[in-house]
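One structure is given here, and the rest of the page talks about it.
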Amino acid sequence: MRTSTVDAPPPPAIRLPKRRGVELALLVAAVLISVYGYCAVGLARYGAVPPDAVRYGSALGGLALLAHISVRLRAPYADPLLLPIAVLLNGLGLVLIYRLDLQTPDTAAPAQLIWSALGVALFIGVVVLLRDYRVLARYAYVSVAAALVLMIVPIFFPAVNGAKIWIQYAGFSIQPGEFAKVLLAVFFAAYLADNRHALAYTGRRIRKLQLPTGRVLGPILAIWVISVGVLVLERDLGTSLLFFGLFVILLYVATGRTGWIAVGLVLSAAGAFAAGALEPHVHSRVTDWLHPFASIDAGRGPGQLAQSLFAFAAGGALGAGLGEGHSVLIGFAVKSDFILATAGEELGLAGIGAVILLYALLVARGYRAGLAMRDPFGRLLAIGLASIIALQVFVITGGVTDLIPLTGMAMPFLAQGGSSVVTNWIIVALLMLLSDTARSADEGRGR
Amino acid sequence: MTRHGRHAAAFCLLLLLTLLLGATRVQVLDSPSYDGNPANRRLAITRYAQPRGNILVGGHPVTGSRATHSQLKYVRAYTDGPLYAPVTGFASQTYGATLLEAAEDDVLSGTADQLVALPLWNAVTRRQQPGGDVRTTINPAAQRAAYRGLGGRKGAVAALDPATGRILALVSTPSYDPGDIAGTGPAATTAWSGLLDHPDQPMVNRALRQTYPPGSTFKTVTAIAALTSGTITDVDEPTDSPDPYPLPGSTVRLTNESSTEACRDASLRIAYQISCNTVFGKLGDDVGLKAMADTAGAFGFNDPALRIPSRAATSVFDTHMDRAQLALSSIGQYNTAATPLQMAMVAAAVANGGTLMQPHLVDRTPVATTYDSVYRQVMDANVAAQMQELMTGAVAQGTGRRAAIPGAVVGGKTGTAQNGENNRGMPFAWFIAWAHPKDSGTPAVAVAVVVEDAAANRADISGGGVAAPIARAVMRAVL
């Protein structure tokens with residue numbers, strides 16, 4: 001730990017490159033790839049470039065440029081990969097949604113573009129207005145209270161497709177749980193930054209396992225109860241898994257105690273077992289996971305998961321090509337939870353590999369920013385935000401490829417869903433600020 | 001904190017790596033089983049994404065494809081469905097495919113590997129191959145003549161080119177329109193169940209897939225067995241045949257349809273001309289089971305592997321019988337059963353000097369050409385020449401007069417097969433024949449006709465009266 005050196009005056013002679021030019025070049029590439037995908041869909045479906053390709057390209061390019069300018073002004077040392085990856089994933093998501101729009105009765109791409117614009121606006125807002133991320137630590141308890149409210153509110157709204165995670169009003173629906181993720185990450189980071197010593201160095205030791213004391217066990221149990229509560233009351237297994245996984249990761253990073261992992265594993269196993277046994281919605285997901293073709297054998301035709309597997313398999317190594325697949329067979333949620341199946345069928349394992357690598361890069365750069373920081377809150381916040389992305393990608397990708405039980409969750413940036421895309425842009429904005437702080441501090445120390 | 005942060009990072013990346021492995025499993029390792037799952041609609045979507053290749057008769061397509069504007073883009077259409085249904089079969093989005101549509105499916109649907117000109121390049125582009133056309137051997141004039149000749153009656157016609165084995169006509173009536181069941185949805189399912197429930201079973205291919213007792217037409221096989229085995233050396237020498245003929249080991253006495261005295265001790269020529277049951281029943285017994293079964297087998301009886309390329313129903317000549325049963329079998333009764341195609345092959349072998357050519361329905365496809373091949377040498381040329389004489393005699397002076405064609409040499413044999421328990425069923429009228437122009441020795445056509453007409457007067461059902469004119473029309477169309 002070298003936190004004491006943070007405030008040392010910068011030696012002016014050595015300057016780190018800001019790498020904004022790299023970011024701009026990568027942004028151009030990201031926009032061009034997205035526009036190419038958009039044109040490829042049109043060519044495959046109609047034999048012509050979609051008439052609004054220029055408009056789509058300029059909208060995405062304009063958003064990317066505005067975000068880039070705000071970064072140049074306010075976070076000049078930020079990681080140059082984060083923004084291009086976000087733009088590319090968002091652009092690719094729009095391409096996939098547009099492609100599915102052509103074969104489904106509803107049209108989702110224009111709304112998704114508007115949500116993306118709102119997301120970029122919030123990105124710019126965060127980058128411009130949040131001068132110092134450390135002020136967030138002051139609002140830790142406000143954050144957790146707000147997160148709880150956001151998670152509880154949907155319970156009073158009708159369930160949509162088995163999950164009570166939406167607020168629907170006047171044809172307008174949002175998923176408040178998405179925003180709660182960021183707020184909880186802020187709270188966890190702030191709480192653990194303050195209490196990590198108490199959590200780490202008290203309690204009994206059994207062989208190599210350092211067990212936490214009962215006093216500090218209280219908050220972790222509270223989080224566990226909330227996670228299970230979300231699961232049972234809202235029937236949202238994915239979010240529950242995400243919250244708990246996030247907390248265990250941050251706890252481990254903050255305290256370095258393997259005991260917490262043991263406790264976390266025991267509690268999550270107990271929670272998962274109880275949910276699987278008692279909650280019919282979760283139970284059916286587990287059954288589907290183990291027997292994805294049961295409905296075919298029963299003569300009811302393939303279910304969503306089977307259709308998803310068919311789509312992935314049809315893609316093979318190289319994919320059918322954009323616009324050439326039949327992933328619409330999945331039916332409901334093909335643009336949201338199952339969006340990756342379309343990527344799998346039309347872009348193949350090559351495309352899926354590229355997408356997963358993009359996420360891995362995003363996560364790695366988030367972690368890198370976190371590990372480079374000396375401020376425990378900033379470090380935990382960066383790691384927490386990066387972990388949210390990793391866990392989310394794992395839960396939904398694992399679900400649609402039958403690796404783990406399927407739980408409804410939005411693929412970050414790719415999937416249809418306004419709340420999700422907005423939240424992910426906020427996450428990227430925060431990571432940008434954190435990486436900016438980390439690297440400008442590096443420059444400050446003249447390394 | 002840094003060390004544990006790195007652990008957490010490694011954990012997250014491990015999660016993502018697991019996803020890559022999971023995707024590899026689904027997309028590469030297990031993908032063949034997912035792709036081949038019958039519940040995977042992609043199979044049907046790909047199959048019907050392009051127009052199917054056509055089946056050609058006389059160089060013109062008798063099939064087509066209709067755009068549907070639905071998920072399965074093209075549906076099979078038939079220009080002359082009922083006429084060619086026994087040739088084409090059907091290709092249905094709901095019920096699969098039969099006959100040529102099934103046998104040549106890989107060519108018609110474009111999935112045959114040999115259709116791909118540049119396999120490696122195609123593996124990269126994965127462009128779907130257009131379906132190939134299947135050119136049949138059918139002679140449209142003969143097919144039409146047979147169909148028109150059968151009219152509304154239940155029956156079948158098979159016609160061959162004896163010199164090559166090319167199938168010239170394959171007709172079964174009543175027929176159906178395969179286009180009615182080609183699609184999906186209630187229209188197709190209603191048509192399908194209507195066809196299944198129809199008392200006349202229009203979807204049965206009577207020419208290829210239905211066996212009938214061949215009756216007196218089978219006497220041709222018996223005569224050939226007798227000549228080949230040496231049981232008879234002179235067709236004009238009187239045989240030692242009583243009338244009626246008491247079946248050996250039985251109290252039943254075999255009689256003749258027409259109660260003339262001519263059958264007693266009749267020569268083979270006369271017995272064949274006026275179709276004496278007594279003479280041929282005794283002759284079969286004289287020849288013996290082994291030689292009879294060998295000769296029948298040489299024609300294709302008891303051959304389960306006969307394909308044209310669709311499988312033909314196996315014609316039967318029993319190989320485990322007592323003497324009375326053998327005598328009855330030798331006049332085409334008891335367990336003896338033959339498809340119209342099989343009896344056309346009998347006529348063809350006689351016409352072609354004893355050489356039976358492999359019957360085939362496909363002339364060529366983009367990936368294969370059918371070359372003429374010999375099925376079996378059934379009899380030597382000498383026996384064949386004697387049989388040709390007997391058969392032309394049966395047309396010139398015997399029961400088959402109504403098959404005679406001016407300017408052509410026609411040989412034939414009638415048959416009226418008894419049917420059902422104690423012959424209560426309506427008998428089947430048979431006629432087998434061959435013909436060639438007077439100025440040419442090359443046989444042009446061999447044909448077998450069967451009419452099972454429950455609506456007709458029993459007395460009218462006779463090979464000579466009902467079936468011979470149809471055979472004549474078909475042969476005229478070819479000549």
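To find a chain, count down the sequence lines: A is the first, B the second, and so on, and within it residues start at 1.
Between chain B and the options A:Glu324, A:Glu345, A:Arg368, the largest number of non-hydrogen pairs under 4.5 Å is found for A:Glu345. Ranked by non-hydrogen atom pairs under 4.5 Å with chain B, the options A:Ala317, A:Gly325, A:Gly348, A:Ala306 are led by A:Gly348. When the candidates A:Leu391, A:Val328, A:Leu329 are compared by the number of heavy-atom contacts under 4.5 Å with chain B, A:Leu329 comes out ahead.
The interface of residues 57-78 of chain B with chain A, defined by heavy-atom distances below 4.5 Å, comprises B:Gln71. Residues of residues 3-33 of chain B having a heavy atom under 4.5 Å from any heavy atom of chain A, listed by number: B:His4, B:Gly5, B:Arg6, B:His7, B:Ala8, B:Ala9, B:Phe11, B:Cys12, B:Leu13, B:Leu15, B:Leu16, B:Thr18, B:Leu19, B:Leu20, B:Gly22, B:Ala23, B:Thr24, B:Arg25, B:Val26, B:Gln27, B:Val28, B:Ser31.
Between B:Asn37 and A:Leu309, every side-chain heavy-atom pair lies at or beyond the 4.5 Å cut-off.
A distance of 9.0 Å separates OG1 of B:Thr2 from CZ of A:Arg374, quoted to the nearest 0.5 Å.
In this structure, B:Arg42 and A:His326 approach most closely via the heavy-atom pair NH2-O, 3.3 Å.
Proximity to chain B (any heavy atom under 4.5 Å) is shown, for A:Ala386, by neither the backbone nor the side chain. Contacts of A:Ile404 with chain B are absent, with no heavy-atom separation under 4.5 Å from either backbone or side chain. With a threshold of 4.5 angstrom between heavy atoms, A:Leu403 approaches chain B through side-chain atoms but not through N, CA, C or O. Both the backbone and the side chain of A:Val393 come within less than 4.5 Å of a heavy atom in chain B.
Residue pairs satisfying the ring pair (Phe, Tyr, Trp, His ring centres under 6.0 Å) criterion with at least one member in residues 351-379 of chain A, sequence neighbours excluded, are absent.
Every residue two or more places apart in sequence or in another chain that forms a side-chain hydrogen bond (donor to acceptor under 3.5 Å, both in side chains) with B:Arg52 is listed here: B:Glu101, B:Asp105.
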